[in-house]
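The analysis underlying the following values was restricted to heavy atoms, covering all of them including side chains, and did not include hydrogens, waters or symmetry mates. No experiment lies behind these values; they were computed from the predicted model shown. Just so we're on the same page: letters track the sequence lines, and every chain starts at 1.
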2 protein chains.
Amino acid sequence: MKKETRKEEIIRVAAQLFKQKGYSAVTMRDLAKAMDMQAASLYNHINSKQAILQDIILEIAEAFTEGMNVVISESNSSVEKLNALIALHVRIAINNPEGLAALNTDWMHLEEKLDYYLQLRNDYENNFRAIIVEGIKNDELKPVDVEVILFSMLSTLRSLYLWIPKKDAIKRQQLLEDLTTVLIQGINK
Amino acid sequence: MKKETRKEEIIRVAAQLFKQKGYSAVTMRDLAKAMDMQAASLYNHINSKQAILQDIILEIAEAFTEGMNVVISESNSSVEKLNALIALHVRIAINNPEGLAALNTDWMHLEEKLDYYLQLRNDYENNFRAIIVEGIKNDELKPVDVEVILFSMLSTLRSLYLWIPKKDAIKRQQLLEDLTTVLIQGINK
DNA sequence: GTAACTAACTAACGATTGTTAGTTAATGGA
DNA sequence: TCCATTAACTAACAATCGTTAGTTAGTTAC
């Protein structure tokens with residue numbers, strides 16, 4: 001475990017504040033106060049408020065892209081791929097719930113990097129959709145409208161960061177199992 | 001259909017802007033520009049930026065509370081109640097996707113009305129949870145962890161406003177049916 | 001031991017924020 | 001015709017915004 005640099009500490013604390021109030025409502029003076037320093041001192045470590053947001057969001061977006069590529073190349077059946085994607089979301093949500101909050105609610109405040117982010121997100125959704133389409137063709141999944149399945153799964157998986165902090169470590173394995181049951185098998189007996 | 005007052009028009013346009021950029025990032029001058037007037041002129045119709053947010057969010061929060069009360073008093077089985085709640089969310093999301101965006105992403109910027117909003121939301125979630133608990137006791141639902149079912153359904157239902165604007169009217173009945181299938185029966189064959 | 005680096009500080013900048021005050025033109029009912 | 005209402009305007013306010021400049025004290029490398 002490498003020791004956290006001052007810059008990394010600032011970005012981590014910024015992500016916490018962004019989760020609480022959103023990017024626009026957090027001022028550099030808020031961030032400085034949380035770091036117990038003057039606002040101007042932040043600029044010894046970071047280039048701009050915008051650069052902090054980019055750091056937080058793009059790191060996660062790229063982790064999702066990488067995870068999707070692994071799933072596509074390694075998993076076999078469609079249901080196995082969906083299971084692997086659920087596990088991917090749970091893993092990232094556990095590791096970085098604050099960053100995910102910024103990604104989910106503040107992506108539109110990206111400036112230069114907005115197009116790049118949207119490209120990553122589009123690619124991810126297209127890959128996700130293709131797996132569902134394949135599963136229906138395979139007869140592994142029910143022939144429900146693809147967009148409804150996609151949006152339902154993504155909505156739940158993208159909201160995980162809101163719920164996971166409430167769970168302790170012991171219950172997270174159980175969360176993964178239960179979530180898979182609910183999303184794949186349904187809740188009706 | 002009563003004609004829209006100037007005040008209602010301002011609130012409606014504000015909700016659109018809040019959906020695009022979030023409450024904090026929208027300035028009164030942005031809103032004025034969208035209304036084709038000066039920022040100061042807005043104050044002939046509304047009391048404050050904060051009051052606009054309150055109007056938007058509390059109207060919807062109270063509609064959910066009312067809808068929940070109807071569901072509890074009218075529906076019979078637990079699954080029927082859940083079906084009715086899905087329909088409630090779809091109905092509100094179709095009628096007011098912009099307002100739902102504000103409720104979902106900007107509720108924490110409520111000031112005096114924050115506690116009231118949180119109380120409504122808590123009551124709603126508790127009622128939702130009780131229906132699921134009842135369904136498991138009844139043997140209508142699988143004995144999966146209640147919190148996982150609750151969070152999974154609420155995540156999907158609360159995100160509906162993001163997807164519904166893409167659907168045309170014809171497809172919305174289909175959306176309701178498919179969504180019910182996915183959330184209740186699952187997607188696995 | 002001194003040079004370079006790290007990380008903080010104070011002071012201030014121009015721009016933008018929500019909002020108020022005071023005024024004006026158009027409209028509709030008595 | 002007069003009056004109240006509606007709905008816009010211009011001008012400006014104090015506060016706050018992200019950021020820059022210039023400086024200083026402590027730590028590390030050679």
* Asked: Separation of A:Asp36 atom CG from C:dA8 atom P, in whole Å?
  -> 10 Å
* To do: Assess whether salt bridge (charged side-chain N to carboxylate O under 4.0 Å, His left out) is satisfied between B:Lys137 and B:Glu134, documenting all intermediate values.
  => CA-CA 5 Å; B:Lys137 246 177 213 158; B:Glu134 180 194 58; over 6 Å; no
* Structure fact -> Here the distance between atom C1' of D:dT6 and atom CG of B:Leu42, to the nearest Å, is 15 Å
* Structure fact -> Rounded to whole Å, NZ of B:Lys7 lies from C1' of D:dT5 at a distance of 17 Å
* **Spacing of B:Leu31 atom CG relative to D:dA8 atom P, expressed in whole Å** => 12 Å
* Asked: When the distance from CD1 of A:Ile52 to C1' of D:dC17 is rounded to whole Å, what number comes out?
  -> 15 Å
* Are a donor atom and an acceptor atom from the side chains of A:Gln54 and A:Glu111 found within less than 3.5 Å of each other? -> no
* Sequence-distant partners of A:Arg121, salt bridge (charged side-chain N to carboxylate O under 4.0 Å, His left out), two or more places apart -> none
* Would you kindly say whether B:Glu62 and B:Tyr116 are connected by a side-chain donor-acceptor distance under 3.5 Å? => yes
* To do: Indicate whether OP1 or OP2 belonging to D:dA7 is found under 4.0 Å from a side-chain N or O atom of B:His45.
  => yes
* Please state how far atom CD in B:Gln38 lies from atom P in C:dT24, giving the value in whole angstrom units. => 17 Å
* Asked: What's the CE-P distance between A:Met37 and C:dT6, to the nearest Å?
  -> 15 Å
* Do A:Thr156 and B:Thr156 get their side chains close enough for a donor-acceptor pair, meaning under 3.5 Å? -> yes
* Structure fact -> B:Arg6 atom CZ is separated from C:dT27 atom P, nearest whole Å, by 15 Å
* Structure fact -> Residue pairs passing the ring-ring contact (aromatic ring centres under 6.0 Å, His included) test with at least one member in residues 4-33 of chain B, sequence neighbours excluded, are B:Phe18-B:Tyr23, B:Tyr23-B:His109
* **Under 4.0 Å protein heavy-atom contact, by nucleotide of nucleotides 17-22 of chain C - B base, S sugar-phosphate only** => BBBBB-
